[in-house]
Number of protein chains: 2
Amino acid sequence: MAKKNIEGTICAVDFAFRRIGGKYKGRILWYLHQYGVLRYGELRRSIKDITTKMLTQTLRELEEDGLVHREVFQSMPPRVEYSLTDSSKQLIPFIDHLRQWGDKQMAKENIPVIKSSLSCIITEEEQAEK
Amino acid sequence: MAKKNIEGTICAVDFAFRRIGGKYKGRILWYLHQYGVLRYGELRRSIKDITTKMLTQTLRELEEDGLVHREVFQSMPPRVEYSLTDSSKQLIPFIDHLRQWGDKQMAKENIPVIKSSLSCIITEEEQAEK
DNA sequence: CCGCATCCGAAGGGATACTG
DNA sequence: CAGTATCCCTTCGGATGCGG
């Protein structure tokens with residue numbers, strides 16, 4: 001006895017994982033944290049193998065859930081900037097610790113380790129050099 | 001200059017999310033933390049709508065990744081117990097943090113809130129009462 | 001009690017081409 | 001630059017039935 005189960009309600013752990021789960025959400029939030037503000041194209045280059053379809057779709061979901069802020073600048077060419085919200089900023093410590101745990105695990109298992117936690121990011125200038 | 005990108009390597013954030021992502025992994029780890037040790041059937045009843053296929057499959061993945069310990073007792077009827085490993089125990093504080101964030105969000109958005117963080121668990125006795 | 005095997009539908013995600 | 005639109009394939013996950 002003691003513990004009671006409630007029909008149809010959602011567990012908070014489950015709820016949270018649904019919000020930030022998915023293939024790219026963690027990285028997007030982390031990169032936005034690292035840089036404060038990123039444009040659409042910057043995000044696309046950062047997450048090397050993402051397609052525009054998935055990037056747009058994922059950003060829309062994050063926006064709907066109040067995890068990213070989207071700001072459009074009506075100029076030519078157009079410019080759209082993404083940043084974290086107060087809500088998602090509270091998730092950063094969690095993601096950071098998770099990242100550290102990942103680093104340790106990758107070292108233990110001899111998975112080719114990246115040089116720094118920021119190495120996923122590729123800058124526009126570097127991209128241009130190609 | 002500055003940030004360097006390495007071809008083909010995995011970002012630690014991405015790595016970690018792949019390990020504990022998926023529909024049920026977060027809840028399984030959390031429940032195992034709450035109870036220390038759970039049998040197969042107890043886990044199945046705790047995660048109300050999981051099928052045996054998904055439960056077995058998810059537990060195997062967690063075991064392969066060193067996140068759960070599986071112990072078989074050769075008796076009649078058989079008995080199999082699951083528990084956390086040292087590696088996964090290190091994740092608990094962060095899952096707990098994530099859970100608290102989830103609780104707050106659910107309150108803000110008026111999503112029917114569960115009574116306690118343990119309410120996902122249904123005991124064997126309760127199940128038997130049906 | 002603790003699974004495994006099979007079938008099947010739903011959803012996630014990639015490639016490519018195109019637009020304001 | 002910042003997306004849309006379409007097609008298609010793969011993976012995830014549910015339902016059911018059987019087995020040691």
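The chains referred to below are lettered A, B, ... by the order of the sequence lines, with proteins before strands, and numbering in each begins at 1.
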Exercise. Rounded to whole angstrom units, what separation is found between the CG atom of L59(A) and the P atom of dT4(D)?
Worked result: 10 Å
For this session: Check DNA chain D against residues 64-84 of chain B and give the residues with a non-hydrogen atom under 4.0 Å, in numerical order.
Result: P78(B)
Exercise. Do side-chain atoms of H97(A) reach the backbone of P93(A) as a donor and acceptor pair under 3.5 angstrom?
Worked result: yes
Exercise. Could you give the CZ-to-P distance, from R60(A) to dA2(D), as a whole number of Å?
Worked result: 12 Å
Problem set entry | By salt bridge (Lys or Arg N to Asp or Glu O under 4.0 Å) - contacts of E63(B) (at least two apart) | none
Exercise. Can you list the residues that meet the side chain to side chain contact (heavy atoms under 4.5 Å, CB included) rule with K104(A), with sequence neighbours excluded?
Worked result: Q90(B)
For this session: Can you sort out the partners of K53(A) under side chain to side chain contact (heavy atoms under 4.5 Å, CB included), two or more places apart, ordered by chain and number?
Result: T51(A), Q57(A)
For this session: Could you list the residues that satisfy side-chain hydrogen bond (donor to acceptor under 3.5 Å, both in side chains) with R60(A), not counting sequence neighbours?
Result: none
Problem set entry | Nucleotide dG3(C), atom C1' - distance to CG of L55(B) in whole Å | 10 Å
Exercise. Do the side-chain N or O atoms of R39(A) get closer than 4.0 angstrom to the phosphate oxygens (OP1, OP2) of dA2(D)?
Worked result: yes
For this session: Five pairs at each end of the helix from dC1(C)-dG20(D) to dG20(C)-dC1(D): take the axis at both ends and give me the angle between them to 10°.
Result: 50°
Exercise. Starting at CD1 of I47(B) and ending at P of dG14(D), how long is that distance when rounded to a whole Å?
Worked result: 11 Å
Exercise. Taking only residues two or more places apart in sequence or in another chain, which ones pass side-chain hydrogen bond (donor to acceptor under 3.5 Å, both in side chains) with Y40(B)?
Worked result: T56(B)
For this session: Classify every nucleotide of nucleotides 14-19 of chain C by which part a protein heavy atom approaches to under 4.0 Å, writing B for the base, S for the sugar-phosphate alone and - for neither, in 5'-to-3' order.
Result: BB----
Problem set entry | Pairing residues for S87(A) by the side chain to side chain contact (heavy atoms under 4.5 Å, CB included) criterion, not counting sequence neighbours | L67(A), T85(A), W101(B), Q105(B)
Seminar exercise, completed: Here the side chain to side chain donor-acceptor pair (under 3.5 Å) pairs for residues 71-84 of chain B, sequence neighbours left out, are R70(B)-Y82(B), R79(B)-E81(B)
For this session: Report yes if a side-chain nitrogen or oxygen of R44(B) is closer than 4.0 Å to either non-bridging phosphate oxygen (OP1 or OP2) of dG3(C); otherwise report no.
Result: no
Problem set entry | Atom-to-atom span, CD of Q57(B) to P of dT6(C) - whole angstrom | 15 Å
Problem set entry | Set of residues satisfying side chain to side chain contact (heavy atoms under 4.5 Å, CB included) with respect to Q100(B), sequence neighbours excluded | D96(B)
Exercise. Do L91(A) and L98(B) touch side chain to side chain, with heavy atoms closer than 4.5 Å?
Worked result: yes
Problem set entry | Partner residues of E109(B) under the salt bridge (Lys or Arg N to Asp or Glu O under 4.0 Å) criterion, sequence neighbours left out | R19(A)
